[in-house]
Amino acid sequence: MAERTRGAVLVTLHDRDDAEELAEQLLEQGYEPCGVHRDALAGEDDAEDADWVIEVLTGPHGGSAVFDEPHLRLLAEDYGGFAVAE
């Protein structure tokens, strides 16, 4: 799993295609980086239980994406996911 950086917002979705689609939208809006990686739930051995995470560090304003966490949370909810600031 990628190292989590302080000030990141982690957007977690259940579907890979949705995660890749949202990551592309976020890049177009000026968020970066928007790398998508798989994150198995703690204690889960079944690969089917893994979620897809978009790690966002910088907002379109050039500052920490943490300032945009409410917006990112709403976008995640549109895809049935969630977002948390680290």
Mind checking the [atom1]-[atom2] spacing from [X] to [Y]? Nearest 0.5 Å is all I need.
X: Ser64; Y: Glu69; atom1: OG; atom2: CD; answer: 10.5 Å
X: Leu13; Y: Tyr79; atom1: CG; atom2: OH; answer: 8.0 Å
X: Thr12; Y: Glu55; atom1: OG1; atom2: CD; answer: 10.5 Å
X: Trp52; Y: Leu22; atom1: CH2; atom2: CG; answer: 14.5 Å

Give me the atom names and distance for the closest heavy-atom approach of [X] to [Y].
X: Val66; Y: Gly7; answer: CG2-O, 3.1 Å
X: Cys34; Y: Ala23; answer: O-CB, 3.5 Å
X: Ala83; Y: Ala76; answer: N-CB, 4.1 Å
X: Asp68; Y: Gly59; answer: OD1-CA, 4.0 Å

side-chain contact (heavy atoms from CB on, under 4.5 Å) partner of Tyr31, chosen from Leu72, Leu75, Val11: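 Among the candidates, only Leu72 passes.
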Joint cluster assignment, Phe67 & Val9, ILVMFWY side-chain distance < 4.5 Å: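 Phe67 and Val9: separate clusters.
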Side chains of Leu10 and Asp39 in contact at under 4.5 Å (non-hydrogen atoms): no
Pairing of Arg16 and Glu20 as salt bridge, 4.0 angstrom limit: yes
